[in-house]
Protein chains: 2
Amino acid sequence: MRKKPRQGRSRSMVDSLVEATAICIAEDGLPAATAARIAERAGVSVGSLYQYFARKEDLYAAVLERITVGLKALVAAEIERLPNKSIEDFVRDLLHAVWSYLETDRQRYLRVTRYWAQLEFVAVMNDLERQMTTALGVYLMHHPARRPVQDLPTKVYVLVNSVLFTIVRYISEPSPQARREQIIECFAEMAAALLPAPTKRAGAGAPLKRLPRSPAGRSGTSAPPAARSVSR
Amino acid sequence: MRKKPRQGRSRSMVDSLVEATAICIAEDGLPAATAARIAERAGVSVGSLYQYFARKEDLYAAVLERITVGLKALVAAEIERLPNKSIEDFVRDLLHAVWSYLETDRQRYLRVTRYWAQLEFVAVMNDLERQMTTALGVYLMHHPARRPVQDLPTKVYVLVNSVLFTIVRYISEPSPQARREQIIECFAEMAAALLPAPTKRAGAGAPLKRLPRSPAGRSGTSAPPAARSVSR
DNA sequence: GCCTAATGCGAATATTTGTTCGCATTCAAT
DNA sequence: ATTGAATGCGAACAAATATTCGCATTAGGC
């Protein structure tokens, strides 16, 4: 950022600029997110834009940062609740939370993320993977299964990638075949298969609380209590 | 395409234009793949370019088409060999083949695919999903497991997405933690978990041959002719 | 070898885009 | 109210880009 906003009005202008950038990218695509259009959407002049952002790429970076902060906080919060859950429930709840978050404001963030290659979104994913790997490593240490988990970093890498990109693509092509709930369920199943934890009915002395898996899972944004395929 | 190339020289020019486009996108990114630069790389003039492609987007489409044709053929070939394999081996071999294909020529195609959002790559993925869903549907009908597979389209949707995007991202961020072989193994495991086939030692009357799961899987791009899973 | 259609060219044009700069306006402290 | 700094503006400029067009070159049947 070229200059720091000291007064209130400039701070709010910077804010609305970042938001306008997100909207422009989400609604008209990254190539259409030009300086003039962003300024217009934010209701300021291009001159003002360049007073706080030296290059328009800095604006993109600011948008990414905004997305990242919320995402990391959300994941951290979910990880806090991990110790008392099964992996399957953890993944389910995490996915509901992430999906809802990325979907707010007409899927604004989700649509921005489509341009991950040009927005250095990979750095964010790296962070998320690290976060998840350590958390799951600790969890698996406390809940050892008969067959130990091999290659945890690889599995987390694959899972995080798969989850995020599948969600991102889902808004590009919602696929009437696959509904959101089913996809989440699918990932929960995948994670459980990849990271075998002790079976629920007989935790090996582990402090795993028996959770009476509610039929609709945790309340998502607006998920109807549809009939859910009961596993096990 | 604006005009059809009738003579040999124009056909080869169109060809080199498409290739140059792929190289430009792969090496310098989609925004840098401008008409002038593409023409220069192809060794022709911009005028000639616009004689066969009305808009530069048509060039992008041609590149995508070229990638698609190879990919579909490859998948079809792998599907042909599916009936005699386990799901796990099928996924393993398919992934090796797809990965090698996308990696040829300094990962040209792989790098192009990073811009899937702006290249309508989703249509390709839709096709692939359809192809896979029907093939796996037939397979599972012939190799019924005790617990029938639910929601096959969803699972294929998730798997195809996950595989492709994970491969694509792998070239953006190879992650020293996860090597290619491990990732493929991981996906094979995931697929096997999601699509339960009869256990190998006792196929329920199914013509599934017992395959001696080789520890390193099948040979990759430039591997020696190692012990390969024999088909029938 | 001739002739016509196909092909290839690249300077020229109209837009679009990123970025700057001098000047007007507003704030906050005195 | 005064004043200096912060803020906001948008016309203006340079560079890049997509696309066109009239003209030169070439191929291939006769």
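Residue numbers start from 1 in every chain, and the chains themselves are labelled A, B, ... in the order their sequence lines are given, proteins ahead of strands. All values below come from the heavy atoms of this structure, side chains included, with hydrogens, waters and symmetry mates left out.
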Enquirer: Is any NZ, NE, NH1 or NH2 atom of the basic residue among Glu185(B) and Arg180(B) found under 4.0 Å from an Asp or Glu carboxylate oxygen of the other?
Expert: no
Enquirer: Based on the rotation axes of five pairs at each end, what angle does the helix from dG1(C)-dC30(D) to dT30(C)-dA1(D) bend through, to 10°?
Expert: 10°
Enquirer: Rounded to the nearest Å, what distance is computed from the CG atom of residue Leu17(B) to the P atom of nucleotide dC9(C)?
Expert: 10 Å
Enquirer: With a 4.0 Å cut-off on N to O distance, would you call Glu27(B) and Arg114(B) a salt bridge?
Expert: no
Enquirer: Which part of the nucleic acid, if any, lies within reach of Tyr52(B) when heavy atoms closer than 4.0 Å are counted: base, sugar-phosphate only, or nothing?
Expert: sugar-phosphate
Enquirer: When you match Arg9(B) and Pro31(B) each to their closest nucleotide on DNA chain D, which lands nearer the 5' end?
Expert: Pro31(B)
Enquirer: Return the value, rounded to whole Å, for the distance between atom NZ of Lys4(B) and atom C1' of dT7(C).
Expert: 17 Å
Enquirer: Under a 4.5 Å cut-off applied to non-hydrogen side-chain atoms, are Ile23(A) and Glu19(A) in contact?
Expert: yes
Enquirer: On DNA chain D, check which nucleotide each of Val46(A) and Arg55(B) is closest to and give me the residue with the more 5' one.
Expert: Val46(A)
Enquirer: Taking OP1 and OP2 of dT20(C), is either one under 4.0 Å from a side-chain nitrogen or oxygen of Tyr50(A)?
Expert: no
Enquirer: Using whole Å, what does the distance between atom C1' of nucleotide dA18(D) and atom CG of Leu30(B) come to?
Expert: 15 Å
Enquirer: Give a yes/no on whether any side-chain N or O of Ser48(B) is located under 4.0 angstrom from OP1 or OP2 of dT7(C).
Expert: no
Enquirer: Under 4.0 Å, heavy atoms only, any strand: does Arg11(B) hit a base, just the sugar-phosphate, or nothing?
Expert: nothing
Enquirer: Given dA16(D), is OP1 or OP2 found less than 4.0 Å from the side-chain N or O atoms of Thr34(B)?
Expert: no
Enquirer: From CE of Met13(B) over to P of dT26(D), roughly how many Å is that when rounded to an integer?
Expert: 15 Å
Enquirer: Answer with yes or no whether the side chains of His96(B) and Glu78(B) bring together a donor and an acceptor at under 3.5 Å.
Expert: no
Enquirer: Taking OP1 and OP2 of dA6(D), is either one under 4.0 Å from a side-chain nitrogen or oxygen of Ser10(A)?
Expert: no
Enquirer: Measuring from the side chain of Gln51(A) (C-beta onward, heavy atoms only), which nucleotide among dG18(C), dT7(D), dT20(C) has the closest atom?
Expert: dT7(D)
Enquirer: Go nucleotide by nucleotide along DNA chain C from the 5' end; which of Gly47(A) and Ala35(A) gets its closest nucleotide reached first?
Expert: Ala35(A)
Enquirer: For a 4.5 angstrom cut-off between non-hydrogen side-chain atoms, does Tyr157(B) reach Thr166(A)?
Expert: yes
Enquirer: Please tell me if Arg37(A) has a side-chain N or O lying less than 4.0 Å from either OP1 or OP2 of dT16(C).
Expert: no
Enquirer: Please examine the side chains of Tyr52(B) and Met13(B), heavy atoms only from C-beta on, and report whether any two atoms are closer than 4.5 Å.
Expert: yes
Enquirer: Counting only side-chain heavy atoms from C-beta out, which of dC27(C), dT7(C), dG10(D) sits nearest to Gln7(A)?
Expert: dC27(C)
Enquirer: Among Leu94(A), Leu152(A), Leu159(A), Asp127(A), exactly one meets side chain to side chain contact (heavy atoms under 4.5 Å, CB included) together with Met132(A). Which residue is that?
Expert: Leu94(A)
Enquirer: For the pair made of CD1 in Ile38(B) and P in dT17(D), what is the distance, rounded to whole Å?
Expert: 11 Å
Enquirer: Rounded to the nearest angstrom, tell me the gap between atom CG in Leu49(B) and atom C1' in dA11(C).
Expert: 16 Å
Enquirer: Have a look at Lys56(B) and say if it touches a base, only the backbone sugar-phosphate, or nothing, with a 4.0 Å heavy-atom cut-off.
Expert: sugar-phosphate
Enquirer: Side-chain contact, heavy-atom cut-off 4.5 Å: Tyr115(A) with Gln118(B)?
Expert: yes
Enquirer: What integer distance in Å separates Arg2(B):CZ from dG8(C):C1'?
Expert: 15 Å
Enquirer: May I have the distance from Arg6(A) (atom CZ) to dA29(C) (atom P), rounded to whole angstrom?
Expert: 13 Å
